[in-house]
Amino acid sequence: MKQDLLNLDYLVLSHNHLDHTWGLDPLIKRYTEAVAENIEHKKPVIVTHPDTFLSRFLPDIPEMGSIISKDTLARIFSLQLTREPLWLTEKLVFLGEIERHMAFEAKYPMGKVLRNGVEEDDYLPEDSALVYRANDGLVIITGCSHAGICNIIEQTKKVCQEERVVDIIGGFHLLNPPAEQMQGTVDYLKKLNPSCVHACHCTDLFSKIALSRAVQIGEIGSGICLTFE
């Protein structure tokens, strides 16, 4: 992609899970190397929810959360932890903690979280997304959508004071979803009528086929470039 990782202004973490945070390890190595070799670089701000660094686990996975602690990360980068929406530029916003109102979404916990020394069911309250304000509407960029893709869209419209959605790109958390959730999502997106949807991570083939009956599904994969004015 020819993007210089030493020139980052922000790095936004969607949530805590390993597959969304373990890229921090090689990034730390890259920045440490730059310091040691006196290579000019920026110091990016890590933006995420305060709960992103809590310990999480499943019955067969002893640690599901970030392998890099908050304290370690704070010694290398700048941290901005927020539950509230945060505008990174005039056109790009981090949504913060997503309000959950859809009865068919985010109903079931995913493992456990350790909070103040107490194990609790984990509903991943930190799960969030980015939104780009394009000229003809909003482009929503998700990680996993544990908060529920429809909840995320509602939060997007509230934060941006805009009803038009051009595209939704990323994970929809639709892996063998309950029938109620799948139908609720299809009905919601049909009414929303976005220009296109690029569903990828944690969205299975059955769900993409179901979504295609309501919206236009675009081809998506690593390295693809999408342009929005």
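H101 and N151 make their closest contact through N-OD1, 3.0 Å (heavy atoms, listed as atom of the first residue, atom of the second, distance). Minimum heavy-atom separation, L211 to I217: CB-CD1, 3.8 Å. The shortest non-hydrogen separation linking E219 to I224 is O-CD1, 3.3 Å. The shortest non-hydrogen separation linking C200 to G171 is SG-N, 4.4 Å. In terms of heavy-atom proximity, C150 sits nearest to M102 at CB-CG, 3.9 Å. Closest of all the heavy-atom pairs between V45 and Q80 is CG1-CB, 3.8 Å.
The shortest side-chain heavy-atom distance between V166 and F228 falls under the 4.5 Å cut-off. A 4.5 Å side-chain heavy-atom check between Q216 and V197 finds every atom pair outside the cut-off. Taking the side chain as every heavy atom from C-beta outward, H17 and C144 never approach each other to under 4.5 Å. Within the 4.5 Å cutoff, side-chain heavy atoms of L192 are placed close to those of I168. Within the 4.5 Å cutoff, no side-chain heavy atoms of V131 are placed close to those of V139. At a threshold of 4.5 Å between non-hydrogen side-chain atoms, the residues L88 and V12 count as touching. You'll find the side chain of K107 stays beyond 4.5 Å of the side chain of Y123, heavy atoms only. Side-chain contact between K70 and L81: present, with at least one pair of heavy atoms (C-beta onward) separated by less than 4.5 Å.
Between the side chain of D204 and the backbone N or O of N176 there is at least one donor-acceptor pair closer than 3.5 Å. N7 contributes no side-chain N or O that, together with a main-chain N or O of K42, makes up a donor-acceptor pair within less than 3.5 Å. No donor-acceptor distance shorter than 3.5 angstrom exists from the side chain of E37 to the backbone of I39, with no hydrogens or angles considered. A distance-only check finds a donor-acceptor pair linking the side chain of S207 to the backbone of L174 [under 3.5 Å]. Side-chain atoms of E105 come within 3.5 Å of backbone atoms of I149 as a donor-acceptor pair (strictly under, hydrogens ignored). A donor-acceptor contact shorter than 3.5 Å links the side chain of T21 to the backbone of N16. T48 contributes a side-chain N or O that, together with a main-chain N or O of L13, makes up a donor-acceptor pair within less than 3.5 Å. Here the side chain of N116 pairs no donor or acceptor atom with the backbone of V118 at under 3.5 angstrom. In this structure, the side chain of H49 engages the main chain of D51 through a donor-acceptor pair within 3.5 Å. When atom types are taken as modelled, the side chain of S128 and the backbone of G96 share a donor-acceptor pair closer than 3.5 angstrom.
The distance from the OG atom of S212 to the CG atom of L189 is 11.5 Å, given to the nearest 0.5 Å. Taken to the nearest 0.5 Å, the CD atom of E180 stands 8.0 Å off from the CZ atom of F104. The distance from atom CD of E120 to atom CG of L54, rounded to the nearest 0.5 Å, is 9.0 Å. Rounding to the nearest 0.5 angstrom, the gap separating the CG atom in L24 from the NZ atom in K29 is 12.0 Å. The distance from atom OG of S66 to atom CH2 of W22, rounded to the nearest 0.5 Å, is 11.5 Å. For the atom pair CG of N135 and CZ of R164, the computed distance is 8.5 Å after rounding to the nearest 0.5 Å.
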Could you walk me through whether I68 and I28 pass the side chain to side chain contact (heavy atoms under 4.5 Å, CB included) check?
-> CA-CA 10 Å; I68 306 295; I28 288 171; 4.0 Å; yes
Show your working on side chain to side chain contact (heavy atoms under 4.5 Å, CB included) between H201 and F172 and close with a plain yes or no.
-> CA-CA 7 Å; H201 176 74; F172 278 36; over 6 Å; no
Begin with the C-alpha distance, continue with both residues' side-chain angles, and end with the deciding distance and a verdict on side chain to side chain contact (heavy atoms under 4.5 Å, CB included) for L6 and R30.
-> CA-CA 8 Å; L6 294 179; R30 181 73 181 101; 3.3 Å; yes
From CA spacing to verdict: salt bridge (Lys or Arg N to Asp or Glu O under 4.0 Å), R83, E126 = CA-CA 8 Å; R83 289 182 168 83; E126 82 275 15; over 6 Å; no
Report the C-alpha distance between T142 and D127 in whole Å, list the side-chain angles of each, state the deciding distance to 0.1 Å, and finish with yes or no for side chain to side chain contact (heavy atoms under 4.5 Å, CB included).
-> CA-CA 9 Å; T142 69; D127 183 81; over 6 Å; no
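Between the side chains of E63 and S55, at least one donor N or O lies within less than 3.5 Å of an accepting N or O.
K157 NZ: more than 12 foreign heavy atoms inside a 6.0 Å radius.
With respect to I169, the side chain to side chain contact (heavy atoms under 4.5 Å, CB included) criterion is satisfied by exactly one of L130, I220, I140: I220.
Connection of Y10 to L5 is not established within any shared hydrophobic cluster, with ILVMFWY side chains joined at heavy-atom distances below 4.5 Å, either directly or through further cluster members. Grouping the Ile, Leu, Val, Met, Phe, Trp and Tyr side chains by contacts below 4.5 angstrom, directly or via other members, places F57 apart from I67. Residues F77 and L11 share a single hydrophobic cluster, defined by chaining ILVMFWY side chains whose heavy atoms lie under 4.5 Å apart. The hydrophobic clustering, which links ILVMFWY residues whose side-chain heavy atoms are closer than 4.5 Å, places M182 and V215 together. When hydrophobic clusters are built by joining Ile, Leu, Val, Met, Phe, Trp and Tyr residues whose side-chain heavy atoms come closer than 4.5 Å, directly or via intermediates, V165 is grouped together with Y188.
A salt bridge between R56 and E119 is absent, with no side-chain N of the basic residue lying under 4.0 Å from a carboxylate O of the acidic one. Taking a cutoff of 4.0 Å between a charged side-chain nitrogen and a carboxylate oxygen, K158 and E99 qualify as a salt bridge. Between D122 and K112 no salt bridge is recorded (no basic side-chain N to carboxylate O distance below 4.0 Å).
Relative ring orientation between H41 and Y31 is described as perpendicular, the plane-to-plane angle rising above 60° on a 0-90° scale split at 30° and 60°. The aromatic rings of H20 and H15 lie tilted to each other, with the angle between the two planes from 30° to 60°.
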